[in-house]
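Since the model is a prediction, treat every value here as computed from it, not as a measurement.
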Amino acid sequence: MENYLVSQSNSLLLVISISLVFSFLGIFYSKQFKGLSNYLTANRNIESFSLTLSLVASALGAWILFGPASAATWGGMGAVIGYALGTAFPMIAFIFLGKKIRKDFKQGSTLIEFVRKKFGKSLFKLVLLMSIFYMFIFLCAELTAVAFLINFISSTELWITSLIIILSTLAYTLYGGLRASIFTDNIQMIVIFILLIISFNYILNFNADQFSLSFIKEKSPHLVSSNYLPSYTAGLTFFIAVAATNLFHQGNWQRVYAAKNFETLKKSLLVSFFIIIPIVFFMGFSGLVAVSVNSKVIPDLGFFTLLLNENTKYLSLLIVILALALTISTVDTLINAISSLIVVDGKAALNLDKKTDYLKLSKYIIIGLSLIAFFVASKGFSILYLFLLADLFCCAFVFTIFYSFYNKKLKEKLAYKAIIAGLIGGFLLFPSPDFSKSLLVGVLMSKELFNPFISQSLLFLSFVIATFLPAIYLKIKKN
């Protein structure tokens with residue numbers, strides 16, 4: 001690896017330059033768009049092309065450089081397909097959910113508003129807390145991922161990268177809100193597209209003999225075998241978890257409301273769906289190839305081992321730019337999304353003095369959360385387990401909340417009980433940090449009492465139960 005590491009000075013120059021460019025562009029552009037409506041929903045006037053680029057940029061963070069390839073090295077083709085479909089599926093779901101919520105809450109800007117008006121002041125607070133928790137963990141993950149990557153390529157210290165990115169992104173996002181986020185997303189997505197095409201082309205040209213299904217079948221046949229059980233469980237796990245969490249991502253709901261009209265929204269979501277799938281699939285497939293080339297490859301670095309196998313400084317610089325564009329496009333979405341939730345739903349949730357300026361309060365809270373995220377990223381803490389825990393929460397909420405879109409008779413008390421049932425069921429099987437046991441399997445009851453499939457598939461089963469137990473509960477109570 002040391003042969004293709006770029007110098008710290010060059011890496012630092014890129015990080016500072018790119019971060020400042022996006023910060024300047026975001027502030028300069030949003031100067032002409034003042035007011036709370038622009039901050040929250042871009043005045044509900046975004047056209048299809050801009051909305052599409054923003055949806056894709058927000059969906060594809062730095063995680064795509066690590067996650068899909070890593071999952072593929074043990075989860076096989078199922079993990080690749082599950083990751084791709086799970087990331088893209090919300091775009092289809094938002095066509096139907098977006099149409100419904102835009103019709104019923106024309107002046108809305110958050111999903112939590114719907115929950116608050118539908119159920120009252122108790123359940124919505126739980127959904128609000130869960131949504132902010134998930135997006136905060138996502139923020140930590142993005143900063144940690146890009147800091148690790150740039151450290152891997154240039155040995156730049158983690159805190160330097162994370163500090164530059166969070167400060168520059170805060171500067172333009174807290175100033176310009178959604179307008180600034182969407183505008184910079186457009187530029188970032190164009191950069192991302194160009195760099196991904198270059199990267200994919202390089203990998204295909206220099207790994208032509210290996211980047212194929214036949215090569216994987218020859219070297220790692222179990223990863224593409226229809227009899228490989230982990231492929232199915234991994235695929236379903238990633239599909240359920242990724243899809244469920246993105247449905248609670250306020251950044252997506254802001255863009256649902258920001259569309260000029262429903263036809264614009266529908267077109268943008270459909271195009272985004274078909275853009276996201278091949279990108280995430282390619283990243284996952286690169287993990288299958290990487291582990292087939294070298295069975296001892298570090299899972300998170302599967303994509304990079306193929307791209308950087310010629311020790312090319314040029315490609316290392318390209319990866320730094322790509323990672324920065326992916327990260328900043330996601331971080332600004334998360335910052336503005338959390339801020340918008342506090343602005344819109346903070347009054348009902350916090351019940352502070354009537355003179356409280358919730359926009360200003362949201363900025364203080366965001367700065368505080370960003371400092372914590374910076375600390376996590378600078379120390380290199382692993383937040384995978386917290387991410388999975390956030391996924392579990394989303395899985396337990398997803399059916400009940402979105403079922404309520406179409407069932408006007410669903411009451412808050414019943415919805416609460418259904419969600420709690422999902423949480424309890426999921427937690428009983430949710431694995432410990434070392435994934436060796438769960439509360440039910442290995443603590444309350446001996447592992448020997450359970451089928452090996454159960455003890456070896458705890459994460460998968462916890463997500464499945466958390467997702468579908470609420471549906472079963474509501475079905476039973478309905479009858």
Side chains of [X] and [Y], heavy atoms from C-beta outward: is any pair under 4.5 Å?
{"X": "V115", "Y": "L128", "result": "no"}
{"X": "L270", "Y": "M91", "result": "no"}
{"X": "L288", "Y": "L213", "result": "no"}
{"X": "R102", "Y": "V256", "result": "yes"}
{"X": "L265", "Y": "L51", "result": "yes"}
{"X": "M189", "Y": "S54", "result": "no"}
{"X": "L149", "Y": "F66", "result": "yes"}
{"X": "S30", "Y": "N38", "result": "no"}

What's the separation between atom [atom1] in [X] and atom [atom2] in [Y], rounded to the nearest 0.5 Å?
{"X": "I132", "Y": "L369", "atom1": "CD1", "atom2": "CG", "result": "8.0 Å"}
{"X": "K266", "Y": "S48", "atom1": "NZ", "atom2": "OG", "result": "12.5 Å"}
{"X": "I166", "Y": "S19", "atom1": "CD1", "atom2": "OG", "result": "10.5 Å"}
{"X": "I18", "Y": "I16", "atom1": "CD1", "atom2": "CD1", "result": "11.0 Å"}
{"X": "F193", "Y": "L196", "atom1": "CZ", "atom2": "CG", "result": "8.0 Å"}
{"X": "C395", "Y": "L388", "atom1": "SG", "atom2": "CG", "result": "10.0 Å"}

Please step through ring-ring contact (aromatic ring centres under 6.0 Å, His included) for the pair W253 and F94, ending with a clear verdict.
-> CA-CA 8 Å; W253 286 105; F94 282 126; 5.0 Å; yes

Could you report the tightest heavy-atom contact between [X] and [Y], atom names first, then the distance?
{"X": "G26", "Y": "A180", "answer": "O-CB, 3.7 Å"}
{"X": "L174", "Y": "Y39", "answer": "O-CE1, 3.5 Å"}
{"X": "V344", "Y": "S109", "answer": "CG2-OG, 3.3 Å"}
{"X": "V291", "Y": "L223", "answer": "CG1-CD1, 3.4 Å"}
{"X": "L55", "Y": "S272", "answer": "CB-OG, 3.6 Å"}
{"X": "A241", "Y": "T245", "answer": "O-OG1, 2.9 Å"}

Okay, side chain of [X], backbone of [Y]: is any donor-acceptor separation there less than 3.5 Å?
{"X": "Q210", "Y": "F215", "value": "no"}
{"X": "S329", "Y": "A57", "value": "yes"}
{"X": "S225", "Y": "P221", "value": "no"}
{"X": "Y232", "Y": "S226", "value": "yes"}
{"X": "S231", "Y": "G78", "value": "yes"}
{"X": "S131", "Y": "F248", "value": "yes"}
{"X": "S17", "Y": "L14", "value": "no"}
{"X": "D332", "Y": "T169", "value": "no"}
{"X": "R255", "Y": "S58", "value": "no"}
{"X": "N43", "Y": "N45", "value": "no"}

How are the rings of [X] and [Y] set relative to one another: parallel (under 30°), tilted (30 to 60°) or perpendicular (over 60°)?
{"X": "Y29", "Y": "F33", "result": "tilted"}
{"X": "F460", "Y": "F453", "result": "perpendicular"}
{"X": "F402", "Y": "F405", "result": "tilted"}
{"X": "W63", "Y": "Y83", "result": "parallel"}
{"X": "F393", "Y": "F133", "result": "perpendicular"}
{"X": "F200", "Y": "F303", "result": "perpendicular"}
{"X": "F387", "Y": "F138", "result": "tilted"}
{"X": "F430", "Y": "Y385", "result": "tilted"}

Please walk me through it: do L429 and F463 pass side-chain contact (heavy atoms from CB on, under 4.5 Å)?
-> CA-CA 9 Å; L429 287 173; F463 283 169; over 6 Å; no

K379 and L158: side-chain contact (heavy atoms from CB on, under 4.5 Å), yes or no, with the steps?
-> CA-CA 7 Å; K379 297 299 181 181; L158 302 177; over 6 Å; no

Tell me, with the steps shown, if I27 and K31 meet side-chain contact (heavy atoms from CB on, under 4.5 Å).
-> CA-CA 6 Å; I27 293 173; K31 277 185 176 181; 4.3 Å; yes

Candidate list S295, S220, P299, test side-chain contact (heavy atoms from CB on, under 4.5 Å), partner T73, passing option = P299

With N186, which of T52, V191, L53 fulfils side-chain contact (heavy atoms from CB on, under 4.5 Å)?
->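 Of the listed residues T52, V191, L53, the side-chain contact (heavy atoms from CB on, under 4.5 Å) partner of N186 is L53.
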
Is it the case that more than 12 heavy atoms not belonging to [X] sit under 6.0 Å from its [atom1] atom?
{"X": "K100", "atom1": "NZ", "answer": "yes"}
{"X": "I298", "atom1": "CD1", "answer": "no"}
{"X": "Y314", "atom1": "OH", "answer": "no"}
{"X": "D209", "atom1": "CG", "answer": "no"}
{"X": "F96", "atom1": "CZ", "answer": "no"}

Please name all residues satisfying side-chain contact (heavy atoms from CB on, under 4.5 Å) with S340, sequence neighbours left out, ordered by chain then number.
->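 S340 satisfies side-chain contact (heavy atoms from CB on, under 4.5 Å) with L40, Q250, Q254 only.
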
Scan side-chain atoms only and decide if T161 and N151 contain a donor-acceptor pair under the 3.5 Å cut-off.
->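 Side chains of T161 and N151: no pair found under 3.5 Å.
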
Go through the steps to decide whether N294 and T305 satisfy the test side-chain hydrogen bond (donor to acceptor under 3.5 Å, both in side chains), and finish with yes or no.
-> CA-CA 9 Å; N294 176 14; T305 59; over 6 Å; no

For F22, the ring-ring contact (aromatic ring centres under 6.0 Å, His included) test, sequence neighbours excluded, returns none

Give the C-alpha distance, both sets of side-chain angles, the deciding distance and a yes or no for side-chain hydrogen bond (donor to acceptor under 3.5 Å, both in side chains) between N336 and T173.
-> CA-CA 6 Å; N336 186 241; T173 308; over 6 Å; no

Determine, using ring centers only, whether F28 and Y172 are less than 6.0 Å apart.
-> no

Please step through side-chain contact (heavy atoms from CB on, under 4.5 Å) for the pair I81 and F239, ending with a clear verdict.
-> CA-CA 8 Å; I81 296 173; F239 176 80; over 6 Å; no

